[in-house]
Amino acid sequence: MHTLRPRGTMKPEITAAVSFLSRFLRVKGHVNDRQVQTFNQSLQEILAEHYKHHWFPDRPCKGSGYRCIRINHKMDPLVGQAGQRIGLTIQQLYLLLPSELTLWVDPFEVSYRIGEDGSICVLYESQPVPVGMPVSAGASSALGNGSVSSMVDSHLSCKEEMRVLGRTSPSKAYNNMMTVSS
């Protein structure tokens with residue numbers, strides 16, 4: 001078993017999740033570029049603070065529920081907080097974001113599901129980097145920007161079980177929202 005990176009290395013995962021949510025604000029309009037940038041920066045800071053004692057690269061599924069961003073009948077409070085920082089009300093956020101969204105931000109993987117019966121799509125995936133190896137040597141990808149790195153040895157995704165139960169293709173309405181580019 002490899003010794004993994006320090007616990008605090010969560011920036012790529014948070015960036016992927018926040019970029020995905022920010023894209024909805026851009027696509028649906030009514031939010032200018034400066035507001036989107038502020039939302040993006042605010043939500044990254046909020047999530048980093050929220051996750052700092054709940055990030056376990058050696059056991060990626062541990063804390064997955066705590067790190068899950070959920071919008072359904074209730075707005076995720078962290079997303080709501082970032083929205084309020086740019087002057088958006090909870091009601092406005094509901095209009096800009098999918099009404100049913102689950103976003104899992106886990107070490108080495110960020111994935112989402114739109115709708116309760118939607119399929120789970122991976123936004124970001126990477127391999128653990130053994131201690132002593134440069135971070136750039138760890139394979140990572142955002143889907144659509146090259147090959148997807150495979151899961152590590154016996155590491156299974158927290159969502160793997162749900163993935164086999166859902167549809168095999170994403171919702172057509174959100175097909176263009178599947179990739180996160182850096």
Side-chain angles (χ1 to χ4, degrees), residues 1-24 39-85 90 93 97-98 100-133 135 138-143 148-166 177-180 182:
M1 183 169 164
H2 294 119
T3 306
L4 304 176
R5 294 179 293 179
R7 179 178 290 185
T9 310
M10 63 182 93
K11 186 165 176 48
E13 292 89 345
I14 289 176
T15 299
V18 171
S19 295
F20 177 71
L21 290 172
S22 296
R23 189 175 281 178
F24 282 104
F39 176 85
N40 195 310
Q41 183 179 1
S42 295
L43 190 53
Q44 284 191 41
E45 292 167 3
I46 291 166
L47 292 178
E49 179 64 26
H50 188 69
Y51 296 166
K52 75 179 178 183
H53 298 296
H54 298 273
W55 194 257
F56 307 97
D58 54 333
R59 293 189 299 169
C61 290
K62 182 178 179 182
S64 185
Y66 182 84
R67 294 184 305 270
C68 179
I69 296 170
R70 184 83 173 107
I71 300 169
N72 53 12
H73 308 298
K74 192 174 171 183
M75 179 59 61
D76 185 276
L78 304 176
V79 174
Q81 187 179 349
Q84 288 175 340
R85 287 186 184 176
I90 298 298
L93 282 170
L97 299 169
E100 290 281 340
L101 173 69
T102 306
L103 183 61
W104 292 275
V105 184
D106 296 321
F108 315 113
E109 182 180 298
V110 177
S111 53
Y112 73 94
R113 181 183 66 206
I114 295 175
E116 287 301 314
D117 298 321
S119 45
I120 296 171
C121 301
V122 177
L123 289 171
Y124 171 87
E125 190 172 39
S126 70
Q127 299 235 356
V129 178
V131 170
M133 183 180 284
V135 175
S140 69
S141 69
L143 294 182
V148 176
S149 48
S150 60
M151 296 308 257
V152 204
D153 299 325
S154 63
H155 166 71
L156 288 178
S157 164
C158 301
K159 281 68 65 188
E160 195 65 36
E161 215 173 283
M162 292 183 74
R163 197 175 285 142
V164 297
L165 297 174
M177 299 299 292
M178 286 179 51
T179 61
V180 173
S182 52

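Quick note: residue numbers are just sequence positions, from 1.
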From [X] atom [atom1] to [Y] atom [atom2], the distance as rounded to the nearest 0.5 Å:
X    : Y    : atom1 : atom2 : result
E100 : D117 : CD    : CG    : 9.5 Å
I71  : L93  : CD1   : CG    : 7.5 Å
H50  : I69  : NE2   : CD1   : 8.5 Å
S111 : D106 : OG    : CG    : 6.5 Å
I120 : Y112 : CD1   : OH    : 11.0 Å
N40  : L21  : CG    : CG    : 9.5 Å

Problem set entry | L101 and F20: CA distance, side-chain angles, deciding distance, side chain to side chain contact (heavy atoms under 4.5 Å, CB included) verdict | CA-CA 12 Å; L101 173 69; F20 177 71; 4.1 Å; yes

For the residue pair [X] and [Y], establish whether any side-chain heavy-atom pair is separated by less than 4.5 Å.
X    : Y    : answer
E109 : V122 : yes
P107 : F56  : no
L43  : R85  : no

Heavy-atom pair of closest approach, residues [X] and [Y]:
X    : Y    : result
V110 : A16  : CG2-CB, 4.3 Å
V79  : L97  : CG1-CD1, 3.7 Å
T102 : C68  : CG2-SG, 3.5 Å
S64  : W104 : OG-CD1, 3.8 Å
A17  : V105 : CB-CG2, 3.6 Å
P60  : F108 : CG-CD1, 4.1 Å

Exercise. With sequence neighbours left out, what residues match E116 under salt bridge (Lys or Arg N to Asp or Glu O under 4.0 Å)?
Worked result: R70, R113

Exercise. Should the pair Y51 and W55 be assigned to parallel (<30°), tilted (30 to 60°) or perpendicular (>60°) ring geometry?
Worked result: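 It falls in the parallel class, under 30°.
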
For this session: Name all pairs fulfilling the salt bridge (Lys or Arg N to Asp or Glu O under 4.0 Å) condition that reach into residues 39-51, sequence neighbours left out, sorted by first residue then second.
Result: E49-K52

